[in-house]
Amino acid sequence: MSREDENAAELKIGDEFSKAKCLMNCEVALILEHKYKQISDDPTNQISQVFEKSLQYVKLFSRYKNPDAVRQAREILNRYPLAGFELCVVGNLCPGTIEEGIAIVPSIKGRLDEEAIEKMLSDLSLIMKFD
């Protein structure tokens with residue numbers, strides 16, 4: 001697939017992503033925090049600046065902070081027939097309305113009806129309130 005053929009709104013995101021597992025920022029944050037603890041426990045290890053900046057970035061842009069909330073968000077999103085890319089965009093950006101969700105991820109309109117989108121977004125917002 002050439003660059004000209006790529007279009008995220010139509011889920012044409014490139015061959016290199018066809019088999020990749022998409023992760024939300026909050027999931028990447030958990031993985032990097034775990035690795036950070038492992039690395040920092042050994043005084044002979046040095047933590048690279050790139051690693052630290054990556055960890056700071058995903059923590060800053062994570063909508064869910066605690067591991068239970070991250071797991072619950074993934075469970076909610078997995079209930080719907082979303083592609084990995086769609087799931088992660090919705091999970092990362094947490095649109096507040098149906099219109100915003102469709103504007104951010106236009107391809108979900110063909111997968112979910114408005115009632116399902118509203119339920120999904122409502123369930124995600126509840127997790128954020130108690131996180």
Side-chain angles (χ1 to χ4, degrees):
M1 181 179 295
S2 69
R3 288 262 182 231
E4 294 81 34
D5 295 333
E6 293 178 10
N7 182 342
E10 297 174 7
L11 285 180
K12 296 178 183 176
I13 56 175
D15 295 334
E16 62 270 15
F17 293 107
S18 64
K19 294 182 179 139
K21 167 109 173 149
C22 294
L23 297 173
M24 293 180 289
N25 289 335
C26 55
E27 294 169 314
V28 175
L30 291 177
I31 293 166
L32 292 181
E33 284 176 338
H34 179 72
K35 187 67 177 169
Y36 182 85
K37 288 176 187 170
Q38 288 178 329
I39 294 170
S40 63
D41 284 346
D42 184 348
T44 62
N45 287 330
Q46 289 188 341
I47 299 170
S48 76
Q49 216 176 15
V50 171
F51 184 94
E52 286 186 11
K53 287 186 183 276
S54 298
L55 177 57
Q56 290 171 3
Y57 176 89
V58 292
K59 286 174 75 172
L60 179 65
F61 292 104
S62 291
R63 296 292 183 162
Y64 313 100
K65 304 299 181 191
N66 75 56
D68 286 335
V70 173
R71 181 186 48 74
Q72 289 174 343
R74 175 61 80 159
E75 286 175 3
I76 287 168
L77 291 165
N78 278 336
R79 293 179 196 154
Y80 299 91
L82 300 173
F85 172 77
E86 294 168 320
L87 184 148
C88 288
V89 172
V90 171
N92 284 339
L93 300 178
C94 298
T97 65
I98 296 168
E99 295 79 18
E100 189 178 321
I102 292 170
I104 291 170
V105 188
S107 57
I108 66 170
K109 189 173 184 180
R111 294 178 180 272
L112 302 173
D113 60 28
E114 289 190 0
E115 186 178 312
I117 296 170
E118 183 174 34
K119 172 79 171 121
M120 175 179 64
L121 299 179
S122 173
D123 290 349
L124 289 173
S125 71
L126 283 175
I127 294 172
M128 286 183 7
K129 286 181 184 175
F130 296 106
D131 185 25

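Along the sequence shown, residues are numbered consecutively beginning with 1. What you see is a predicted model, and the numbers here were worked out from it, not measured in a lab.
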* To do: Take atom NZ of Lys35 as the centre, draw a 6.0 Å sphere, and report whether it contains more than 12 heavy atoms from other residues, nucleotides or ligands.
  => no
* To do: Would you name the heavy atoms of Glu100 and Pro95 that are closest together and state the gap between them?
  => OE2-CA, 3.4 Å
* Taking every non-hydrogen atom, the tightest pair across Lys59 and Ala29 -> CG-CB, 4.1 Å
* Structure fact -> Nearest heavy-atom contact between Gly91 and Met24 is CA-SD, 3.5 Å
* **Glu118 atom CD, neighbour heavy-atom count above 12 within 6.0 Å** => no
* Cluster check Phe61, Leu124: I/L/V/M/F/W/Y, side chain < 4.5 angstrom -> no
* Quick one: do Asp41 and Lys37 satisfy salt bridge (charged side-chain N to carboxylate O under 4.0 Å, His left out)? Show the steps, please. => CA-CA 6 Å; Asp41 284 346; Lys37 288 176 187 170; over 6 Å; no
* Structure fact -> In this structure, CD1 of Ile102 is separated from OG of Ser107 (nearest 0.5 Å) by 10.5 Å
Output a table of donor-acceptor pairs, distance under 3.5 Å, between side-chain atoms of residues 48-55 and any protein atom two or more places apart or on a different chain; print 'none' if there are none.
{"from": "Ser48", "atom 1": "OG", "to": "Phe51", "atom 2": "N", "distance (Å)": "3.0"}
{"from": "Ser54", "atom 1": "OG", "to": "Val50", "atom 2": "O", "distance (Å)": "2.8"}

* Asked: Quick one: does Leu121's side chain get under 4.5 Å of Val90's, heavy atoms only?
  -> yes
* Honestly curious: do Leu60 and Val89 fall in one hydrophobic cluster under the side-chain, below-4.5 Å linking rule? -> no
* Identify the heavy atoms of Leu23 and Val28 that sit nearest to each other, and give their distance. => CB-CG2, 3.8 Å
Cut-off 3.5 Å, no hydrogens considered: what does the side-chain donor-acceptor table look like for residues 69-78, sequence neighbours left out?
{"from": "Arg71", "atom 1": "NH1", "to": "Glu75", "atom 2": "OE1", "distance (Å)": "3.4"}
{"from": "Arg71", "atom 1": "NH1", "to": "Glu75", "atom 2": "OE2", "distance (Å)": "3.0"}
{"from": "Arg74", "atom 1": "NE", "to": "Glu27", "atom 2": "OE2", "distance (Å)": "2.7"}
{"from": "Arg74", "atom 1": "NH2", "to": "Cys22", "atom 2": "O", "distance (Å)": "3.0"}
{"from": "Arg74", "atom 1": "NH2", "to": "Glu27", "atom 2": "OE1", "distance (Å)": "2.7"}
{"from": "Arg74", "atom 1": "NH2", "to": "Glu27", "atom 2": "OE2", "distance (Å)": "3.2"}
{"from": "Asn78", "atom 1": "ND2", "to": "Arg74", "atom 2": "O", "distance (Å)": "3.3"}

* To do: Kindly compute the distance separating CZ (Arg63) from CD1 (Ile127), expressed to the nearest 0.5 Å.
  => 13.5 Å
* To do: Give a yes or no on whether Ile98 and Leu126 share a hydrophobic cluster (residues Ile, Leu, Val, Met, Phe, Trp, Tyr; joining criterion: side-chain heavy atoms under 4.5 Å apart).
  => no
* Asked: How many angstroms lie between atom CG of Leu82 and atom CE of Met120, to the nearest 0.5 angstrom?
  -> 5.5 Å
* Does Leu32 share a hydrophobic cluster with Ile39, counting links as ILVMFWY side-chain heavy atoms below 4.5 Å and allowing steps through other members? -> yes
* Asked: Does the side chain of Leu87 come within less than 4.5 Å of Tyr80's, by heavy atoms?
  -> no
* Asked: Are the side chain of Asn25 and the backbone of Asn92 linked by a donor-acceptor contact shorter than 3.5 Å?
  -> no
* Asked: Taking all non-hydrogen atoms of both residues, which atom of Pro81 and which atom of Glu86 are closest, and how far apart?
  -> O-OE1, 4.4 Å
* Minimum heavy-atom distance between Ala103 and Pro106, given as atom pair plus value -> O-CD, 3.9 Å
* Path from Ile104 to Met128 over hydrophobic side-chain contacts below 4.5 Å -> yes
